[in-house]
Number of protein chains: 4
Amino acid sequence: MVIVMERNAKEEEIEAVIEKLTSNGFDIHRSTGVERTILGAVGAHVVDTRDYELMPGVREVHRVTSPYKLAARAFCPEGTVIEVNGVRIGSEEVAIMAGACTIKDYAECDAIARRLRKQGVRIIRGGAFKPRTSPYSFQGHGEAGLKALRQAADENGMAIISEVLEPHQIPLAEKYIDIVQIGARNMQNYGLLRELGQLKKPVLLKRGMSATVQDLLLAAEYIMSEGSHQVMLCERGIRTFETHTRNTMDISAIPVIHKLSHLPIIADPSHAIGIRDKVPPLARAAVAAGADGLLMEVHTDPEQALCDGAQTLYMEQFEKLMKELREIARAVGRVVPEAETVTA
Amino acid sequence: MVIVMERNAKEEEIEAVIEKLTSNGFDIHRSTGVERTILGAVGAHVVDTRDYELMPGVREVHRVTSPYKLAARAFCPEGTVIEVNGVRIGSEEVAIMAGACTIKDYAECDAIARRLRKQGVRIIRGGAFKPRTSPYSFQGHGEAGLKALRQAADENGMAIISEVLEPHQIPLAEKYIDIVQIGARNMQNYGLLRELGQLKKPVLLKRGMSATVQDLLLAAEYIMSEGSHQVMLCERGIRTFETHTRNTMDISAIPVIHKLSHLPIIADPSHAIGIRDKVPPLARAAVAAGADGLLMEVHTDPEQALCDGAQTLYMEQFEKLMKELREIARAVGRVVPEAETVTA
Amino acid sequence: MVIVMERNAKEEEIEAVIEKLTSNGFDIHRSTGVERTILGAVGAHVVDTRDYELMPGVREVHRVTSPYKLAARAFCPEGTVIEVNGVRIGSEEVAIMAGACTIKDYAECDAIARRLRKQGVRIIRGGAFKPRTSPYSFQGHGEAGLKALRQAADENGMAIISEVLEPHQIPLAEKYIDIVQIGARNMQNYGLLRELGQLKKPVLLKRGMSATVQDLLLAAEYIMSEGSHQVMLCERGIRTFETHTRNTMDISAIPVIHKLSHLPIIADPSHAIGIRDKVPPLARAAVAAGADGLLMEVHTDPEQALCDGAQTLYMEQFEKLMKELREIARAVGRVVPEAETVTA
Amino acid sequence: MVIVMERNAKEEEIEAVIEKLTSNGFDIHRSTGVERTILGAVGAHVVDTRDYELMPGVREVHRVTSPYKLAARAFCPEGTVIEVNGVRIGSEEVAIMAGACTIKDYAECDAIARRLRKQGVRIIRGGAFKPRTSPYSFQGHGEAGLKALRQAADENGMAIISEVLEPHQIPLAEKYIDIVQIGARNMQNYGLLRELGQLKKPVLLKRGMSATVQDLLLAAEYIMSEGSHQVMLCERGIRTFETHTRNTMDISAIPVIHKLSHLPIIADPSHAIGIRDKVPPLARAAVAAGADGLLMEVHTDPEQALCDGAQTLYMEQFEKLMKELREIARAVGRVVPEAETVTA
């Protein structure tokens, strides 16, 4: 912690700050300049910096130790790689996770899985529990949905990513889901984070709409502090004043997080932009910016999707996009899985 | 729903939209102007407007029915009044709820309650479960804390407002708490909202940091749709680009919500500004703007507070503030409770 | 400047930073802690902190000297008072400036001035040059408008506040205007600010829609560095994600600016909220929060106003509001001018 | 304009709205539904929608005609192409504009131009007038700078893009500059925009920090309404709550603007992110998202740059980036200029 005193701070004010620091267990380094005095305080204790800001003669207080430890790059400088169904998330491979927003039934899941598999996709998404802004909107098929998705995934050799909203759904996650998704609205639902930290399954943690990158890393810290280090982060757009898009995708978060943390960072262009025709440009941008993966809504028949059809890609759009992504990935030294070649 | 067609929309495009609307059960009113065609669609169905935005020839789609019903002003034009311990929240009385951020022990609760009571305060706040951004911060004393606060409240004739973070804490809320507080981070924790809606206790619902007023009203709708109509809303600051303050208190939300909804609106200046010396100006502003109540952190010894001491008022500041608030309330036709007069 | 090194920074990296600091003329204080090294650099030079952030081994750089000097509270601890037509802006008196958004003609100006004067208002507003978002909107009557307003002001014993958009309008300002207003869109039009700084007339500087408080103080510094110290600041709402209001009035800016700067701070509730029925609550809130003045749109016939009629108060609303403001001002130790008593 | 009446609006309220619309020259289409009445108003007049919002019985008013005409996609559906020095901005070619932030002298300009030219770059940037947040920062070399840049550009066969801050600098722009840049702070400096609209030189208009896409298009309309249609837009980051980056680059603005407008859209990753090491990921993302060009700060010796050295790329970084951009452009059906092959 660095405490900058006011230009005209009195000696007794400076000493009062030093005394408080000492009593809180800090080592102090005092720099007395011509203009002002600066106090460097070194110690392991977490304090509320405002307690010092309010002391007479204090101008500013800066915290200098990062409040997250396990999520910090320094904890694992080479970067975390999470392996799911043969996909090494965080490696040079760009992980592609795709599928319907909300699970309808087995037939739909199977049709989607089949087509995705041909594009080399090995992780399918699909929601069984939906957090809806309105209490009158459809809230998901629950366990029946998960069962259908599991069957389709197994038959097509795919892993599942799906969202969990409440602690009581965790046993279902344990049974059916390979990567547990935490949605933006739950990013700071700490009870849920802690319980998932004990589950020891990979977690994809979405950034909250008003969460800073630091907030996101602190939320990851909640999961990791319970022992589970298989956390991937997800940028899905933040809330700004712009109204032409549902959210504003913070593309810079990708290189920023790569610098600050060792955790893989995935982009969700579907939720970031909220409208189908602009998903491909954002998906391409994310890979070009260095994202470790993409989470996208794709459907064989978006008009019949139970939810968010408007932001769901047609399969043909997705196939075209995958082609572009393969080239872009190559340009930045990464790999997007190849489409399966038909063997007669 | 109003659908505005592009200037050069073709007749078959217009007809395709009309057909989709009809098949979705809407009555259509078509206005063919010189410049463009406008379709008014009337019906009870909730649809995703983006499904129409994506149709060829469509320029814009506007939803014209409010997505919330029970929380809308029209549902209770005269305004909801919630009575707790003789305080009529939503009436001409400005409800004052005050106390420590986090409960330490009985002695502290009692000391605070005693002083508050003298100022006419009849609702005491205190947290037993704390949602902390860092997993390494103190998380509250749980039931032991609630027990201590209950005892102090009972002895001083006060009601309790306290936060609940997770569904499994609801039985404790039922036992100890008079007004259940939902924090900003949980505003869209829909499972929790639904369960609280069944509890039939007054709820204070804080606005999320990135929630619009409409999001807040929809979250209230979640609680109300379970049958509990005793909901009060709370403005506690939103996230903006300004960094001199912890959050930006949206003072306009007070008159805006009064127009849109019948629910009482409370202001929390302590969390909005995050630093003690600027709490009184914001508290005064909120009452001047028409707030139905204030939620504030006050302590007999803020330096010894377990949490958020820096934004907690000294009792002397609070007493001075109450005096000012009484005059301001009078200026706007409201009443802040009088201090008890000492009878010898 | 405080430079925090990475935990594992090498000695040669630390020395490279010290060398660069020294060559830039800084005195250095080095604190070598167990965890990390902190360098305090004291000197008068303005540097780009990013130049240090990019050096190997550097974790963070904090600027500790305020980038504004003349606008800082320390420059004039007792607070600046600007006297215009007997109104002492920045004193205990709350300055009221009111009138039409845009000047129509003499008759309108006179009718408004007459009514305002009866309420004790001694500064009238009115725009001759209008910055309009659309090039097709009415842009103001220019000099003819100023002439009309001047005549009405003179006959009613009032001073004028009016906006200037471009440097070539300054001679007109010199001739007709008592307080020159800089609009939000021009807050960082530095050429204009510099020229106004040489004019030696009081300036009201509006906060830009995306300007932090620090940006606003730096803009004031531009004017002051030219020699003109009669600057008042104006909070008129910032841009946020909320869409129910035109802007979000940052009520906290009032106490924040009072702490950081000696310049008076005025609130403009009309532009902050943008709709008539919610102007009075915001005006009351601003005075309760300690604003040194209000700038408001008031008209004898808002329906006939040339511009922004929807956010313009009816004279009757204004008179009722003034009554409330007088009481609120009293509650916070301030004074709003009394209405003239009719002498028969 | 579409006016949605309240559910319980009285017939006389509806009629009052119709009367006002008629008197304002609108044709009205009335839709009387079971739930509520909707009025469609068709006409050419620009009105303040708030004037209708305030009428009794009115619930919401939606403007349905776009406030910009010349900047709208419909005005030039095939897209505008602006040709400068053989570069066709807005065509399949991705225009690259690069160079120092601020011009130092001829030697520097020449060194940079020489290296850029080898990469196929034909437009060089360099600032002679700098809009600085602090009045104490260096403000540019003015005409001397432009002269130096012009000489270097001419000798290397390059065109110049450079910023103009004030109307009185326009004659210099006419003499020395090929593309006139309007900075973010001047996006709503309407006087300047109008004068540039008469200059008939290509203009690059940067998006203001708090400008919506619509604000940006309206600012372009100011220039175009004076007769100059050679306008390109520039995304350079908006202001949000995130503090790890200088601004938040709104990558979605690229596809959004392509849909709404025919004007080319350029990205400025240097100012968007503000720190050198993260410029390449953003530059790649912009091209992948479909940007028509890039504006970047590049220097042969960033440490010696007069300004913003920290966000300026080393020439080697730029050359590596160009290689990546060429591949990414190909993936999205675009072309980035090839490097010159050395002919012995």
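Residue numbers begin at 1 in each chain, while the letters A, B, ... track the order of the sequences.
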Worksheet item: So which bits of residues 239-262 of chain A come within less than 4.5 Å of chain C, counting non-hydrogen atoms only?
Response: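 The residues closer than 4.5 Å to chain C, in numerical order, are A:R239, A:T240, A:F241, A:T243.
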Discussion item. Does C:E15, at its CD atom, have more than 12 non-hydrogen atoms belonging to other residues, nucleotides or ligands within less than 6.0 Å?
Written reply: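 Yes, the 6.0 Å shell around CD holds more than 12 heavy atoms from other groups.
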Fill in: Interface residues of residues 211-235 of chain C facing chain A - heavy atom cut-off under 4.5 Å
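Those residues of residues 211-235 of chain C which would need a heavy atom under 4.5 Å from chain A do not exist here.
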